[in-house]
Colleague: 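For reference, the structure I am asking about is given below.
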Amino acid sequence: MDTAEEADICRVCRSEGTPDKPLYHPCVCTGSIKFIHQECLVQWLKHSRKEYCELCKHRFAFTPIYSPDMPSRLPVQDIFAGLVTSVGTAIRYWFHYTLVAFAWLGVVPLTACRIYKCLFTGSVSSLLTLPLDMLSTENLLADCLQGCFVVTCTLCAFISLVWLREQIIHGGAPQWLEQNLQAAANFAAQANEAPAAAAGPGDPDPQAEAAPAEHPPEEEEEEGEERAADDPEQQEDPADDPEVDNEDEEEAGAEDAEANNGGQDDMNWNALEWDRAAEELTWERMLGLDGSLVFLEHVFWVVSLNTLFILVFAFCPYHIGHFSVVGLGFEGYVQASHFEGLITTIVGYILLAMTLILCHGFAALVRFQRSRRLLGVCYIVVKVSLLVVVEIGVFPLICGWWLDICSLEMFDASLKDRELSFKSAPGTTMFLHWLVGMVYVFYFASFILLLREVLRPGVLWFLRNLNDPDFNPVQEMIHLPIYRHLRRFILSVVVFGSIVLLMLWLPIRMIKLILPNFLPYNVMLYSDAPVSELSLELLLLQVVLPALLEQGHTRQWLKGLVRAWTVTAGYLLDLHSYLLGDQEENEGNQPANNNNNNNQPPRNNNNNMNGIPVVGEGLHAAHQAILQQGGPVGFQPYHQPPRFPFRIGLLIAFMCITLLVASLVCLTLPVFAGRWLMSFWTDNSKIHELYTAACGLYVCWLSIRGITLLLAWMPQGRRVIAQKAHEWSLMVTRHFPIITIVKTVIVAVLVAGVIPLLLGLLFQLVIVAPLRVQLDQTPLFYPWQDWALGVLHAKIIAAITLMGPQWWLKTVIEQVYANGIRNIDLHFIIQKLAAPVISALLLSLCVPYVIAVGITPLIGVTPEMHILVQRRIYPFLLMVVSLLGILTFQIRQFKRLYEHIKNDKYLVGQRLVNYERKAANISGAMPEYPPQD
């Protein structure tokens with residue numbers, strides 16, 4: 001060995017190579033980290049769980065070492081034994097996973113459904129026959145599906161309870177619930193101080209002296225009044241009086257002793273601290289996917305908890321509500337609603353909440369602290385559940401129905417039609433109206449957020465700020481009393497309903513008076529035209545509208561219109577300070593007005609340059625009170641002009657007129673433009689108004705875009721406009737020369753034209769035509785419809801490809817997307833993307849056609865067989881290709897099994913393979929790396 005060889009050491013153990021442990025250079029790395037022992041590398045690979053070098057990313061290679069007595073081919077008995085072992089293992093796994101699927105998808109939902117039906121049947125015989133009903137085979141599939149819904153509901157209820165527990169723990173309990181604990185703690189402290197006071201005057205207790213200093217009498221009085229005003233449950237009760245009568249000392253002796261000895265533990269008791277499982281479970285272990293049978297215990301607990309949840313959260317409230325409805329004589333009205341179970345359960349929850357309030361008051365009266373807190377927590381759970389149902393379910397449903405009622409004349413419908421549709425499908429009708437109401441509420445909230453960006457902080461004091469980081473609706477549901485939620489709900493219904501009247505019903509009446517022939521809108525579901533309604537609707541919703549809505553200019557335009565309207569209304573009515581604030585004053589007093597604590601508005605001052613008085617203390621107090629309810633929302637002062645209420649009334653009237661005019665324009669202009677454009681190629685046939693409105697909306701957007709650009713250039717003069725146009729043309733020519741435009745057009749024709757057309761036609765021939773067209777009928781193909789469907793299919797295939805594993809199509813699509821339009825590579829796109837995809841699609845279309853039309857008649861088949869071959873050859877060849885793919889997969893699996901059997905019986909070890917740099921340089925697969933120390 002020379003000196004260089006003696007200096008070679010292992011990169012891990014820093015030892016030299018020996019005849020027993022030689023050094024290898026398995027990767028591209030050079031220098032002192034080039035060599036490594038095989039044992040060190042294997043140990044490191046087990047530790048890092050990687051198969052490549054972390055520096056050069058080269059994958060390590062091992063060559064197997066087999067026993068010298070290994071035959072050239074495995075014996076048949078070895079292959080058969082390995083195959084039987086593999087089949088046995090597969091059967092074992094199949095049996096286990098079948099048992100898991102049967103337990104979770106069969107036993108659990110079926111048990112839930114049968115128990116649910118048994119409890120809600122209302123007869124004793126159903127309870128007696130429940131074991132037999134569990135083993136019944138009638139309606140298995142329907143009961144399993146219904147049971148899955150029941151299990152999902154119970155699981156969501158359990159998760160909601162856990163989440164609500166976390167909200168109460170992190171956000172704190174309501175004041176009236178915490179006040180109970182404070183009163184009990186004061187009572188225990190007084191009981192401890194009583195013997196010291198009876199013994200005579202002594203050293204005063206420092207804690208007793210410090211207590212009044214923390215809460216002055218005035219503050220305690222004010223806090224008590226506020227709490228009493230917020231919630232009737234916060235009013236005084238006899239249990240909170242420090243002067244407790246000693247008449248019932250024998251009955252309260254146990255409570256006094258507990259207060260003296262362990263009162264603090266009693267006060268720290270938390271009804272929300274539920275026991276949790278000590279063992280950390282994974283999804284595989286819990287569901288049984290790890291191969292063990294521990295999941296059977298979990299199945300039993302899930303069935304038990306599911307039964308308990310059904311009994312507690314469904315059975316009891318339903319029967320409480322049912323008995324109450326029957327007792328009050330409202331059973332007929334509830335049955336007429338077609339939602340008897342839901343309404344009865346909600347009534348039961350309302351009565352249960354009232355019962356919990358009464359029990360809580362009784363527990364407070366007799367000083368049962370644990371029962372008092374537990375009843376209070378149960379009341380919070382029921383209260384939050386009802387409020388969630390009202391906020392998420394009832395309110396959007398009311399908005400959806402009100403929108404439908406106010407827009408009946410727009411679609412030439414009547415209340416009788418809506419009544420018939422409701423009776424025919426109550427669930428579907430209610431769901432659609434709820435969905436429409438949710439969309440309306442969402443867009444209204446988005447518009448309010450846009451208004452907050454324009455208006456002065458504090459103008460929208462009566463609306464909650466959804467962008468406030470401290471805003472938490474669940475915490476408000478927990479802490480605020482019911483009457484405030486009810487007041488807020490009524491005000492929301494009035495505001496939303498008034499806006500619907502102003503922006504929908506009134507404009508429709510005006511349109512019918514001014515343009516009698518404009519309404520109703522044509523909303524037919526099907527058309528006799530060759531263009532399919534479904535394909536155009538999907539193309540519109542998936543391609544056209546997203547391209548319009550993704551443009552950021554739309555929101556900026558709307559924000560600009562709102563700002564312009566606000567400035568105009570502010571100067572016309574002398575309300576600029578109220579709407580937008582005093583910018584000069586804000587710039588001069590920026591540290592004073594833009595502080596972090598915006599809940600405290602500045603007091604009235606007389607340093608007013610114009611002599612206009614600042615808004616009064618009473619309005620400030622009202623703003624401050626409401627802002628404290630909604631969170632720390634900013635508030636800027638403003639100058640109050642003379643006749644302020646009258647000006648506010650004029651502002652509201654001006655706003656209503658503006659909304660009315662805007663609604664009229666939005667209901668008429670896009671449809672007018674769309675109908676006019678559609679009339680050029682539809683021969684005056686009726687078209688779905690969804691298409692006309694969307695087409696007109698897109699044209700209006702383009703027109704507004706052009707007008708805004710022109711208005712932005714107009715103040716600069718004609719010469720500047722011409723210069724800008726020349727510079728823009730030069731820039732476009734420089735960045736997008738003619739050759740780039742031609743390349744873009746060619747790529748668009750190939751990728752967005754030819755490929756979707758071929759894909760849609762192939763889908764039509766393989767799936768649609770064999771399913772929809774009989775053999776004695778001739779299928780008709782419409783290129784426009786096939787292209788529209790092909791666009792959607794191409795979009796879906798591209799999305800799945802990008803989400804899937806790495807292969808050549810995903811690599812090509814990512815490369816094309818990364819290059820963009822400016823760096824478009826026509827040769828790469830045609831060679832790597834368009835040519836392979838178009839060739840595959842053309843072969844799929846042409847080869848079956850040649851076989852059916854050119855080869856089949858030469859065989860001499862009957863005309864009926866010839867037609868059958870022509871119509872069924874495409875799905876037949878698809879089946880053949882699928883079988884060949886399955887067969888290829890099975891052959892690969894058999895080769896892997898063959899290698900596995902050979903390695904299990906004859907493999908004795910592995911030897912690390914050195915990296916050959918010459919081969920890598922010739923192939924160009926691995927670059928040179930500089931030496932690394």
Side-chain angles (χ1 to χ4, degrees), residues 530-532 535 538-539 542-543 742-773 775 778-802 804 807-817 819 824-859 861 866-889:
V531 179
S532 174
S535 61
L538 291 175
L539 181 64
Q542 294 292 328
V543 180
V742 173
K743 289 181 180 180
T744 305
V745 172
I746 295 174
V747 170
V749 170
L750 292 176
V751 177
V754 178
I755 292 179
L757 179 62
L758 296 177
L759 189 61
L761 183 60
L762 182 63
F763 181 79
Q764 188 82 11
L765 289 171
V766 173
I767 297 178
V768 178
L771 293 178
R772 298 183 58 181
V773 183
L775 292 176
T778 302
L780 300 177
F781 302 99
Y782 303 100
W784 173 259
Q785 177 182 351
D786 296 337
W787 173 81
L789 290 176
V791 169
L792 299 178
H793 296 156
K795 184 177 179 180
I796 295 172
I797 292 173
I800 295 175
T801 302
L802 292 176
W807 59 306
W808 70 268
L809 184 58
K810 181 179 180 180
T811 305
V812 171
I813 294 176
E814 290 177 348
Q815 183 65 34
V816 172
Y817 182 78
N819 291 337
I824 189 170
D825 190 350
L826 182 62
H827 181 266
F828 177 79
I829 294 176
I830 293 178
Q831 182 180 5
K832 299 295 183 179
L833 179 62
V837 174
I838 292 176
S839 300
L841 293 175
L842 285 177
L843 286 176
S844 302
L845 289 171
C846 297
V847 171
Y849 183 80
V850 171
I851 294 175
V853 178
I855 298 178
T856 304
L858 299 179
I859 303 177
V861 297
H866 187 201
I867 294 175
L868 179 63
V869 171
Q870 286 183 348
R871 302 291 298 280
R872 297 293 184 263
I873 188 170
Y874 286 96
F876 175 75
L877 289 182
L878 176 64
M879 182 181 65
V880 171
V881 172
S882 301
L883 291 177
L884 289 177
I886 295 173
L887 182 61
T888 304
F889 176 75

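Not measured: the values here are computed from a predicted model.
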Colleague: Okay, side chain of Trp787, backbone of Tyr782: is any donor-acceptor separation there less than 3.5 Å?
Modeller: no
Colleague: Measuring from atom CZ of Phe876 to atom CG of Leu868, what distance do you get when rounded to the nearest 0.5 angstrom?
Modeller: 11.0 Å
Colleague: Which heavy-atom pair separates Ile797 from Thr801 by the least distance, and what is that distance?
Modeller: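 Answer, listing the atom of Ile797 first, then Thr801: O-OG1, 2.7 Å.
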Colleague: Taking C-beta and beyond as the side chain, do Ile830 and Val747 meet within less than 4.5 Å on heavy atoms?
Modeller: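 No, too far: nothing below the 4.5 Å cut-off.
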Colleague: Do other residues, nucleotides or ligands put more than 12 heavy atoms under 6.0 Å from the NZ atom of Lys810?
Modeller: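 Count over threshold, so yes.
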Colleague: Give the table of side-chain donor-acceptor pairs shorter than 3.5 Å for residues 836-849, with sequence neighbours excluded, one pair per line with atom names and distance.
Modeller:
residue: Ser839; atom: OG; partner: Ala835; partner atom: O; Å: 2.6
residue: Ser844; atom: OG; partner: Ala840; partner atom: O; Å: 2.8

Colleague: To the nearest 0.5 angstrom, please state how far the CG atom of Asp786 sits from the CG atom of Leu765.
Modeller: 8.0 Å
Colleague: From Thr856 OG1 over to Ile873 CD1, what is the distance, rounded to the nearest 0.5 angstrom?
Modeller: 6.0 Å
Colleague: Measure the spacing between CZ of Arg772 and CD of Gln764 and express it to the nearest 0.5 Å.
Modeller: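 It is 7.5 Å, given to the nearest 0.5 Å.
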Colleague: Rounded to the nearest 0.5 Å, how far does CZ of Arg871 lie from OG1 of Thr778?
Modeller: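 Between Thr778 OG1 and Arg871 CZ, I get 7.0 Å after rounding to 0.5 Å.
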Colleague: Once you round to the nearest 0.5 Å, how far does CG of Leu878 lie from CG of Leu762?
Modeller: 8.5 Å
Colleague: For Leu759 versus Gly790, what's the shortest heavy-atom pair and its separation?
Modeller: CD2-O, 4.0 Å
